[in-house]
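Presented below is the structure to which this report refers.
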Amino acid sequence: MSRSFAPGPGRRRFLQTAAAAGLPTVLPARLFGQQAPSKRITLGLIGAGDHGTHRNLNMLLQQEDAHILAVCDVFRSRREQARDIVNRWNENQDCGCYGDFRELLARDDIDAVMISTPDHWHVLMSLLAIRAGKDVICEKPTLTIEEGRILAGAVQKHKAVFQTSTEDRSMPVYHRMAELVRNGRIGKLQTIRVRLPAGDRWPSEEPAPVPEHLDYDLWLGPAPEAPYTPLRTEPMRWRQIRDYSGGLLTDWGAHQIDTAQWANDTERTGPVHVEGKGTLNEGSAYNTFIDYQLHYRYANGVDLLVESGGTSLRFEGADGWIGNSGWAEPLHASSPGILEAPLGPGDTRLFTCPDGEHRNFLDCVKTRSQPYLPAEEGHRLSTILHLGNIAMLTGRSLRWDPETESFPDDPAASAMKSRPMRAPWTLAES
């Protein structure tokens with residue numbers, strides 16, 4: 001039975017508060033006149049920074065069948081702000097508020113978690129959540145190749161629902177681009193060209209006292225011990241420290257190169273060769289690659305060329321090209337006919353969810369089906385980005401076997417597939 005839905009007083013107050021705080025307030029059309037949900041999914045939010053609150057919390061609150069029971073962040077002000085947003089929405093004071101994510105995971109009344117932390121926590125938190133019986137939607141990317149493989153294995157072993165959280169596959173421009181290429185509308189695919197943003201040449205900072213409102217040891221978690229500095233924990237800074245992330249290559253690459261994988265029909269495998277060069281910010285704690293030029297070759301003969309200095313995506317085939325010049329910008333092609341080409345009954349249709357990754361995740365929690373970017377495909381995507389960093393760090397042309405996920409006869413490169421974790425943190429299942 002269908003019924004109409006309109007925001008109640010709590011939702012109206014939330015929209016007013018969100019607007020004042022600069023949060024997006026557009027409610028998706030699915031909330032109006034759709035079928036009533038069969039059950040409400042209870043969720044915990046881990047990581048309540050800018051993206052965790054403004055994007056992920058906001059989107060989940062707008063899903064009528066989602067009920068957020070608890071929030072967690074190592075910054076007291078962030079978790080309290082997120083708790084207050086949830087309580088205003090629900091018009092009660094029931095939202096749990098935690099500084100340690102393990103307390104949230106211990107709650108039996110939480111079905112699933114949304115993880116919006118720095119990259120070095122993604123896999124470890126996801127594993128602990130899955131082992132606690134939770135389904136997981138987690139921001140991309142992974143930190144290492146080994147971590148991604150362990151995560152994909154755990155999802156399969158525990159029969160968990162896992163969504164690699166990115167919106168690109170739900171966006172019409174990228175979905176259409178991938179379908180046209182997959183269905184041969186530019187002829188046999190030959191070259192994929194990707195441009196990603198460059199990094200920044202930031203200097204190191206002087207150590208400072210840890211703020212009273214921050215559990216800095218837990219923020220570091222499995223990462224090596226390091227002195228606290230005022231900007232280290234900010235999103236645009238930690239992303240360019242190798243202990244926590246792979247730089248702008250892994251950050252933006254997880255968007256653009258996912259569409260490259262999707263269109264190339266290689267989302268569950270990867271390239272067989274990689275080489276590249278880049279510039280490191282020598283002598284600084286912000287030590288990921290500032291700029292980069294990478295060349296990947298797939299077994300099907302397709303070349304993937306990645307360079308820094310913008311955001312664009314272009315597929316070149318034997319009969320034309322298609323692409324865009326800027327993230328989410330309109331499509332362009334070598335001829336109007338490519339863009340207008342209809343898909344027929346026998347053509348490949350790529351699975352998506354127009355209402356986004358959060359909606360798709362909740363649907364899959366109910367049906368126990370795989371989301372549009374499951375753990376295996378998220379791992380393969382992140383692997384490509386890690387391969388690029390490893391090639392630049394070794395300074396060599398590398399062979400990669402995507403079946404065994406190994407560098408044949410290259411122990412130095414193989415050693416970079418994993419990193420040690422600071423005690424007592426471990427990926428091993430107790």
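Keep in mind that what you see is a predicted model, and the values were worked out from it rather than measured. Atoms considered below: every heavy atom in the structure, side chains included; atoms not considered: hydrogens, waters and symmetry mates.
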request  = Could you tell me if the ring centre of F101 sits under 6.0 Å from that of W121?
outcome  =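 Yes, they do, as the ring centres are separated by less than 6.0 Å.
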ask   = Does the ring center of H120 lie less than 6.0 Å from the ring center of W219?
value = yes
Measure from the side-chain N and O atoms of [X] to the backbone N and O of [Y], and report whether any donor-acceptor pair falls under 3.5 Å.
X	Y	value
D135	V161	yes
H54	D50	yes
T53	G49	yes
H379	L151	no
D347	G344	yes
R185	N183	yes
R349	L343	yes
Y372	E357	yes
T266	T269	no
D73	F75	yes

ask   = Where does the angle between the aromatic ring planes of H255 and W327 fall among parallel (under 30°), tilted (30 to 60°) and perpendicular (over 60°)?
value =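 Taking W327 first and then H255, their aromatic rings stand perpendicular (interplane angle over 60°).
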task = In sequence, state the C-alpha distance, the side-chain angles, and the governing distance for W321 and H332, and then conclude on ring-ring contact (aromatic ring centres under 6.0 Å, His included).
result = CA-CA 8 Å; W321 60 265; H332 300 283; 7.6 Å; no
Closest approach of [X] to [Y] (non-hydrogen atoms, all atoms of both residues):
X	Y	answer
V274	G388	CG2-CA, 4.2 Å
C72	L104	CB-CD1, 4.0 Å
A112	K134	CA-CB, 4.3 Å
P271	I384	CD-CG1, 3.7 Å

key: Quiz item: cation-pi between R237 and W202, 6.0 Å / 45°   = yes
With a 4.5 Å heavy-atom cut-off, do [X] and [Y] have their side chains touching?
X	Y	value
P224	R422	no
H273	Y296	no
S382	H386	yes

query = Crowded around D109 CG? As in, over 12 foreign heavy atoms under 6.0 Å?
reply = yes
message = Run the ring-ring contact (aromatic ring centres under 6.0 Å, His included) test on W262 and F351 for me, step by step, so that the C-alpha distance in whole Å, both residues' side-chain angles and the decisive distance to 0.1 Å come before the verdict.
response = CA-CA 10 Å; W262 212 18; F351 170 57; 9.0 Å; no
